[in-house]
Amino acid sequence: MTQPPLVLVDGSSYLYRAFHALPPLHTSAGLPTGAVKGVLNMLLSLRRQYPDSPFAVVFDAKGPTFRDALFEHYKSHRPPMPDDLRVQIEPLHACVRALGLPLLCIEGVEADDVIGTLARSSAAADRPVVISTGDKDMAQLVDGHITLVNTMTGSVLDRAGVVEKFGVGPELIVDFLALMGDKVDNIPGVPGVGEKTALGLLQGLGGGLDTLYAHLEQVPGLPIRGAKSLPAKLEEHREMAYLSYQLATIKTDVALDLQLDQLHPGAADREALIPLYRELEFKNWLDELLRESKAAGEDGAADPAAPPTRYETLLEPAQFDAWLEKLKAAELFAFDTETTGLDAQQAELVGVSFAIAPFEAAYVPLAHSYMGVPEQLDREAVLAALRPLLEDPAKAKVGQHAKYDMNILARYGIEVRGVAFDTMLESYVLDSTATRHDMDSLALKYLGHSTIHFEDIAGKGAKQLTFDQIALEQAGPYAAEDADVTLRLHQCLWEKLEAVPSLARVLREIEMPLVPVLARIERHGALVDAKLLGQQSVELGEKMQQLERQAFELAGEEFNLASPKQLGAILYDKLGLPILSKTAKGQASTAESVLAELAEQGYPLPQVLMDYRSVSKLKSTYTDKLPEQINPRTGRIHTSYHQAVTATGRLSSSDPNLQNIPIRTAEGRRIRQAFVAPPGYKLVAADYSQIELRIMAHLARDEGLLDAFRHDRDVHRATAAEVFGVELEQVSHEQRRSAKAINFGLIYGMSAFGLAKQIGVERKQAQAYIDRYFARYPGVLAYMERTRAQAAEQGFVETLFGRRLYLPEIHAKNGALRKAAERTAINAPMQGSAADIIKRAMVTVDAWLQESGLDARMILQVHDELVLEVREDQVEALRAGLLPLMSGAADLDVPLLVEAGVGDNWDEAH
DNA sequence: CGGAGTACGTAC
DNA sequence: GACGTACGTACTCCGT
């Protein structure tokens, strides 16, 4: 029986390689962690591969080694270690130790030498050794017992592998390196001798340096590089060759006070690992650890004081009545619904849960249906009993993504009011850049608690159960925990919010009041003429076929027009068109701007492709898909508005996205004709005019820009007049177009390069325009500089209402990343303030609609536009109330102009 | 067959 | 590298 091999890991080499090979990753606080994660991943995979092996993870120690004493220039050409790498060393060491893996870090020698010593002594004792490294120099250690693996690439090098890879065996690797040198380590080698020459010498003689120098006369004497002959060179640099030999030789006799049996990995120290993983934000591993802790019966390491939970599943009327009393008495309670699916307009209610105090919660199953399910309380009776509480605006409640529960309960006749807090939104307002605001992530992040995941009790994939099929024994604790954790999260998050009054205010005054408004908009849905879209689909399909035929003819063969890869092959390989631009991954780009330029140059195929693309986009994304999204129950389309997605505070929309319905082209606008008012009603579309530029004028307090808006000038024309030095009346169409590009570019933090590309002038010219702009609008320049400075100083920027966007990358060493963060810093206050304003408007408009008794409702929000449906005889009354409410949603130094149109469909209403 | 990543295109 | 914020579709690659 063979022993498991000793596994020796070259930690420093992997850390370095992981740092450079893997995309940079950092915590929300900006601590870089990508290399740590990469190395740990690699170690875990090695551990799985060699579960019974002794193990050592070896790192270079700080300070000089014996090689520095041998040669002062050793490794001297290396640039200093990047800070982002340096700061990852300590956390990695800590993780390795906590994982129970023996870690070695020996001063005065390099990791290679420690590995060499351990490898040789183990091999001498006849134990196989696996060295995991990305460093080729280690090939010198390979022998019958010792093999190299590169765990990042999966390659394995035994003796034959070394010969195949280098052309010489392991015993000549040092000689090989000594002759050719090593740029990376600054091992000099023999000048003029490279890989080929070194190999030729060693292979020709069948020996190493000693043999070579003993038989220099046998080396062919032709002059090399027109200078000295090879033997002369070798002779001249004999000392250098032997010094290089010494430098390249891995020490195998380091004095280590260490026995092999000390290298057996111990158990992972979860108590140590949990805080490390929390700090480094390794969420999946943290979750796994917490689950293991729980399973092992350890008291949750992160929350040692956690009392046992008191969760009840209510099946008896008396139990329910007792809980009802508790809810009535509670100052604040958490609630949650369990349903059969994720679509709030379709899913059915299965149960409800409540929490009144931390760790104290109840689940009321109402509609579980599986073989042997116990008798449940009557759904109608339970809901009737709960209704007064749930509908009472004075009865404070907290939910997690409460809009979902509100929409579910609305279909059971309960109009939930008084949702004072929503943990998803609390998390979002605290940090909009956090990627996830779902309860499981928040519990892990803020409570250090690993929740029961839905997949744990429902399974996954095709055989995933719906909640009504889940046994009460599992459903009860899961559902009760949802309410409990929501309450506990709220206590934690609200405290953090209250510490920043402006953020608490954003939550209280903007986000929370918006929740029921969005719920109503989603519930009403938008009416869409499916028949019209169907006709358009047919027409578009015919057009696509025509264009496809044309494209095939021009290409000389058939191919998939929707495949950028195949298209690239036709355009660039077959037809030989010039490659004007490449994608991020190096493919020749076929993007619209590229095709447009090629079409401009007179090639016929690109124009056909552009036409095809636009037609197929309209068909596949809109005319084909929108009718499929009509809810059969209501006959309308119910989008979801997401309130905790964008970094800036905007809403987003999905399933379907109704915020990117085409408008720019005539063809595209036909889709808007399918968004219709029902008979007897009209659509009113009201949009803020130039809201972001107005906000910029306000924030920048720029007199010129303020003046333009106060006099209700066409701002692009005014900008053109300033930048091009002409009278307002003399501004040409082209000048206005360029000025518009400048104005938009400013909002987005655009550079001269970008502006030049956009308006088709030289970069120098674009820079001149920008310079002129800033000369005419100095307040804007000052504002941009202020914003960058604020971002750098505070690490965040703010909207008018104090909403924050954190920008950790504002301090990035990487110039591109930092510049991108600066552009975001410029853009976010404007985009985010506009979002705040329309959200405030939606809240007041909704309240007014409720109290006015008008037969009107909001249907859509598209960032700077609200679309409403109103009975046709009330259009004017609606406009009269709506416009001032929207205009008055913020008090700026410029008027907030709102323009409204009316029509039978969305296109007409513009 | 489905998830992840890429390329592209629509909106503001 | 070069213009901010989103979401959806189709393709492609890869693993089950």
Side-chain angles (χ1 to χ4, degrees), chain A residues 23 432-433 460-462 559-568 581-595 609-610 612-622 624-626 628-629 639-642 645-665 667-669 671-672 687-693 696 741-759 763 766-767 797 805 807 814-832 834-835 838 860-865:
Chain A
S432 66
T433 64
K460 58 176 178 177
F559 64 101
N560 185 349
L561 272 73
S563 162
K565 202 180 162 188
Q566 292 182 38
L567 180 53
S581 160
K582 294 195 171 182
T583 67
K585 256 200 116 196
Q587 299 291 307
S589 170
T590 66
E592 207 254 359
S593 61
V594 174
L595 296 181
L609 293 169
M610 286 163 67
Y612 177 87
R613 285 242 182 97
S614 76
V615 172
S616 89
K617 176 81 176 179
L618 291 178
K619 184 169 188 291
S620 67
T621 306
Y622 303 107
D624 283 354
K625 288 288 151 47
L626 288 174
E628 292 173 15
Q629 309 264 5
T639 182
S640 293
Y641 284 106
H642 305 287
V645 169
T646 73
T648 54
R650 272 191 183 178
L651 298 178
S652 79
S653 153
S654 74
D655 308 295
N657 181 357
L658 296 185
Q659 291 182 321
N660 71 346
I661 303 299
I663 191 170
R664 283 170 200 187
T665 65
E667 279 292 283
R669 274 198 295 280
I671 311 242
R672 293 195 171 216
D687 68 286
Y688 285 104
S689 165
Q690 308 293 357
I691 187 166
E692 291 187 7
L693 278 176
M696 184 169 88
I742 294 172
N743 280 330
F744 277 105
L746 285 166
I747 294 173
Y748 299 149
M750 186 164 61
S751 64
F753 176 92
L755 180 63
K757 218 164 78 171
Q758 179 74 28
I759 62 178
R763 185 198 158 126
Q767 186 62 54
V797 290
L805 171 64
L807 294 158
N814 179 331
L817 283 182
R818 195 177 58 249
K819 285 258 186 278
E822 287 176 4
R823 290 193 294 273
T824 305
I826 300 282
N827 174 257
M830 294 182 262
Q831 191 181 114
I838 195 165
L860 298 170
Q861 189 257 38
V862 193
H863 309 309
D864 66 354
E865 173 183 10

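Everything numeric here is computed off the predicted structure, so don't read it as measured data. Protein chains get the first letters and strands the later ones, always in sequence-line order, with residue 1 at the start of each. Computation of the quantities below employed the complete heavy-atom set of this structure, encompassing side-chain atoms and omitting hydrogens, waters and symmetry-equivalent molecules.
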Check nucleotides 10-12 of chain B against the protein and report each pair of N or O atoms closer than 3.5 Å, with its distance, or say if there are none.
from	atom 1	to	atom 2	distance (Å)
B/dT10	O2	A/Asn660	ND2	2.8
B/dA11	OP1	A/Ile663	N	2.6
B/dA11	OP1	A/Arg664	N	2.8
B/dA11	OP2	A/Arg664	NE	3.3
B/dC12	O3'	A/Asp864	OD1	3.1
B/dC12	O3'	A/Asp864	OD2	3.2
B/dC12	O2	A/Arg650	NH1	2.8
B/dC12	O2	A/Arg650	NH2	2.8

Legend entry - Opening and closing nucleotides of DNA chain C in contact with chain A, under 4.0 Å to non-hydrogen atoms: C/dA2 to C/dC13
Legend entry - Minimum heavy-atom distance between A/Ser432 and A/Thr646, given as atom pair plus value: CB-O, 3.9 Å
Inset, instruction - Give the dot-bracket string for DNA chain C, reading 5' to 3', where a pair is Watson-Crick or G-U wobble with both distances under 3.5 Å, ( ) marks pairs inside the strand, [ ] marks pairs crossing earlier ones, | marks a partner on another strand, and . marks unpaired. - result: ...||||||||||||.
Inset, instruction - For A/Gln690, enumerate each residue passing the side chain to side chain donor-acceptor pair (under 3.5 Å) test, keeping only those at least two apart in sequence or located in another chain. - result: A/His716
Inset, instruction - Name the nucleic acid region contacted by A/Arg763, choosing base, sugar-phosphate or nothing; use a 4.0 angstrom heavy-atom cut-off, strictly under. - result: base
Inset, instruction - Give A/Lys625 one of three labels, base, sugar-phosphate or nothing, depending on what nucleic acid heavy atoms sit under 4.0 Å from its own. - result: sugar-phosphate
Inset, instruction - Look at all strands and tell whether A/Ala647 reaches a base, only sugar-phosphate, or nothing, counting heavy atoms closer than 4.0 Å. - result: sugar-phosphate
Inset, instruction - Sequence neighbours left out, what passes side chain to side chain donor-acceptor pair (under 3.5 Å) with A/Arg823? Give chain and number order. - result: none
Legend entry - A/Glu692 vs A/Phe744 side-chain heavy atoms within contact, under 4.5 Å: no
Legend entry - Contacts of A/Phe753 that satisfy ring-ring contact (aromatic ring centres under 6.0 Å, His included) - sequence neighbours left out: none
Inset, instruction - For A/Glu822, check salt bridge (Lys or Arg N to Asp or Glu O under 4.0 Å) against everything at least two apart and list the hits. - result: A/Arg788
Legend entry - A/Asp655: side chain to side chain donor-acceptor pair (under 3.5 Å) partners, not counting sequence neighbours: none
Legend entry - Touch class at under 4.0 angstrom, heavy-atom based, for A/Ser616 against every strand present: nothing
What nitrogen or oxygen pairs link the protein and nucleotides 1-4 of chain B at under 3.5 Å?
none

Inset, instruction - Mind listing the closest non-hydrogen atom pair of A/Tyr641 and A/Leu651 along with its distance? - result: CD2-CD1, 4.2 Å
Legend entry - A/Glu667: salt bridge (Lys or Arg N to Asp or Glu O under 4.0 Å) partners, not counting sequence neighbours: A/Lys543, A/Arg670
Legend entry - Sub-4.5 Å side-chain heavy-atom contact between A/Leu609 and A/Thr590: no
Inset, instruction - In whole angstrom, give me the gap between the C1' atoms of B/dG9 and C/dG1. - result: 22 Å
Inset, instruction - State, with a plain yes or no, whether a side-chain heavy atom of A/Leu860 is found less than 4.5 Å away from one of A/Ile661. - result: no
Inset, instruction - Report the residues that fulfil salt bridge (Lys or Arg N to Asp or Glu O under 4.0 Å) with A/Lys619, sequence neighbours left out, ordered by chain and then residue number. - result: A/Asp624
Legend entry - All side chain to side chain donor-acceptor pair (under 3.5 Å) counterparts of A/Thr639, not counting sequence neighbours: A/Ser653
Legend entry - Separation between the P atoms of C/dC3 and B/dG5, rounded to whole Å: 26 Å
